[in-house]
Amino acid sequence: MIPGPIETAFTNVFLNLEVLLVIFAAAAYGIFMGSVPGLTATMAVALLIPLTYFMDTTSALAAVVTLVASAIFAGDIPNTLLRIPGTPSSAAYTDDAYALTRQGRHQTALGVSLVFSVAGGIFGTLVLIFLARPLASLATSFSSFEYFWLYLLGLSCAALVSRGSSLKGSLALVIGLLISTIGLSAVHSEPRFTFGVPQLLKGIEFIPAMIGLFGVSEVLRNMSGAATPVAPVAEKRGAVRETLAPAFQTFSGRFFHFLRSGTIGSLIGMLPGAGADIAAWVSKAISKRFSKRPEEYGKGSLEAIADSTAANNSALAGAWVPALVFGIPGDSVTALVIGVLTMHHVTPGPAIFENQGELVYSIYAMFLVANLFLLPLGFLAIRAGGLLIRIPRRVLLPCILLFCIVGSYAIRNSTLDIVVMLLMGLLGFFLERRQVPLGPVVLGIILGGPLEEKFIQSLTSSDGSIAAFFSRPAAAVLGIVCLALWASPLLFRKKIAIRRDDKMNENGTKQVRALISGKVQGVFFRDCTCTEARKLELDGWVRNVEDGKVEAIFKGPSETVKQMILWCKEEGSPRSSVSGIEVSEDSSNIDNNEFEIRY
């Protein structure tokens with residue numbers, strides 16, 4: 001009996017030692033490339049392409065599929081341990097991941113990221129297997145109107161679900177959009193804000209900007225003493241259980257949330273040019289909206305990490321839908337994949353399912369094997385990466401800065417990118433001092449150009465009619481969702497405040513004024529106090545009164561306020577020394593929604 005295409009594909013992947021060795025080597029290479037800031041999955045695939053010329057088609061595609069899946073997960077390692085996103089999609093949950101590291105829970109955070117990355121990748125593969133053809137036709141029906149609303153939806157989610165107030169998130173988004181206007185206009189090819197520097201004609205590369213905003217700013221915060229020290233972690237036995245048990249527990253408790261995030265990632269991933277970064281932000285926004293603990297998002301939420309990683313990994317397989325069915329790349333990686341297919345005399349398109357069914361089923365099998373290989377290799381990478389937080393800061397910080405410089409220069413071999421990285425690091429440092437989130441800045445830089453391009457195209461095709469943006473059913477739905485998203489903070493702010501007050505009343509609300517004396521002047525003590533108070537979900541503020549004195553208002557459940565006062569007495573910031581605290585009852589009106597620093 002002649003074996004069918006499914007049996008042949010199974011043999012070519014699962015029972016072929018050469019292909020399995022290629023998958024193993026590509027996974028290790030992808031984890032290394034993804035864990036070094038600046039060395040993206042796209043760059044890793046581009047460097048691999050010359051080697052694929054000497055492989056057969058199955059091995060070449062297996063290498064690319066495995067490499068991308070591994071690199072996307074590995075980007076979470078520096079994101080969690082060093083606060084440097086390895087990939088743009090990691091920026092969606094940087095604050096949550098690094099907050100867990102400061103609490104000594106980095107293995108839990110990375111374990112959740114690994115398990116949901118693998119599960120999201122498998123979910124996206126199942127979508128690719130069963131729904132490739134019908135969903136591809138849906139993706140190709142999108143016009144410039146739908147893409148405009150989709151990009152705006154991703155940007156809106158980044159601004160509204162980021163840490164802190166929606167107003168500060170919107171400010172960060174505007175800063176990112178302004179930076180994206182530097183260079184040649186995507187529509188009119190006119191130079192903007194280049195100041196006579198030819199290298200700026202290509203615009204600001206987002207990788208050096210992202211490295212600077214998160215990596216260099218964190219180095220500056222540590223040098224200034226404003227960063228919260230990482231909690232010491234003792235070496236424990238049973239590393240597999242310690243890392244993966246909380247992740248599987250989270251998965252079993254959030255299975256339906258996982259299905260929602262995987263669906264979002266797959267649908268957005270198949271839209272050409274959308275990508276995993278938009279999927280991660282949209283999934284996080286929806287996750288926060290339906291969460292029972294939305295106040296934890298941005299402060300160390302495992303839910304945010306789980307739903308975002310599931311979405312961005314399912315988007316990887318989704319991007320192959322238009323690539324296989326129509327030869328239209330879903331993202332930059334699948335654009336390179338089409339080149340690999342062409343190099344091996346394979347033409348993507350509707351006929352590929354009939355003419356080369358074995359290859360299509362082999363691709364499905366590759367995705368499954370790649371994600372299964374990722375689980376043990378990712379665990380080893382987590383164990384190795386955990387050594388980073390045990391390195392003394394005086395040794396680690398120069399190494400981080402070196403990686404930032406190398407990663408920024410490697411993108412275009414341009415010293416200008418190093419300058420951009422350093423300037424963005426300073427910008428990130430000052431924005432952090434004002435509690436302005438950095439994630440929306442990055443997404444604004446990435447999507448600013450495409451958003452402007454689709455907006456101009458839409459206006460041109462509709463002769464300037466704004467009504468045309470709602471003329472198509474899909475565009476109308478996306479537009480209404482966007483407008484509703486921007487209106488939601490006004491509608492839900494009162495509800496959230498009532499829920500917080502009810503929670504405090506159940507535990508007995510207490511509001512005190514604390515006058516703290518000692519070596520507490522400067523920004524160090526105030527920043528650490530603000531971070532600790534937000535972690536405890538207290539309302540209030542802190543400010544300098546005079547040299548050697550700081551005034552603070554703490555409002556919340558009685559036991560939590562006592563815990564905060566004890567923290568000020570016994571712990572405080574790394575460079576502070578409290579000599580005394582005068583505590584008194586306070587009845588002043590507090591109008592801010594979260595703890596803040598006042599000047």
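Side-chain atoms of Ser283 do not come within 3.5 Å of backbone N or O of Ala279 as any donor-acceptor pair. Side-chain N or O atoms of Ser308 include none that pairs as donor or acceptor with a backbone N or O of Ile305 at under 3.5 Å. With hydrogens and angles disregarded, a donor-acceptor distance shorter than 3.5 Å links the side chain of Ser314 to the backbone of Ala310. For the pair Ser180 (side chain) and Leu177 (backbone), a donor-acceptor distance under 3.5 Å is present. Using modelled atom types, one side-chain atom of Ser252 and one backbone atom of Gln249 make a donor-acceptor pair closer than 3.5 Å. Although no hydrogens or angles enter the test, the distance criterion places no donor-acceptor pair under 3.5 Å between the side chain of Ser113 and the main chain of Ala109.
No side-chain heavy atom of Val441 sits under 4.5 Å from any side-chain heavy atom of Leu173. At a threshold of 4.5 Å between non-hydrogen side-chain atoms, the residues Cys568 and Phe554 count as touching. At least one side-chain heavy atom of Leu302 sits less than 4.5 Å from a side-chain heavy atom of Arg105.
If you check the side chains of Thr309 and Tyr93, you find no donor sitting under 3.5 Å from an acceptor. Ser287 and Glu303 are not linked by any side-chain donor-acceptor pair at a separation below 3.5 angstrom, with hydrogens and angles left out of the test.
Nearest heavy atom pair, residue Ile77 against residue Leu110, reads CA-CD2, 3.9 Å. For the residue pair Tyr98 and Thr80, the shortest heavy atom distance occurs at CD1-O, 3.4 Å.
In terms of the side-chain hydrogen bond (donor to acceptor under 3.5 Å, both in side chains) criterion, residue partners of Arg192 (sequence neighbours excluded) are, by chain and number, Glu452. Under the rule for a ring pair (Phe, Tyr, Trp, His ring centres under 6.0 Å), the partners of Phe258 that lie at least two apart in sequence or sit in another chain are Phe123, Phe251. Legend: residues meeting side-chain hydrogen bond (donor to acceptor under 3.5 Å, both in side chains) with Thr94, ordered by chain and number and at least two apart, are Asn79.
Ion pairing between a basic and an acidic side chain is recognised when a charged N comes within 4.0 Å of a carboxylate O; Lys284 and Asp96 show such pairing.
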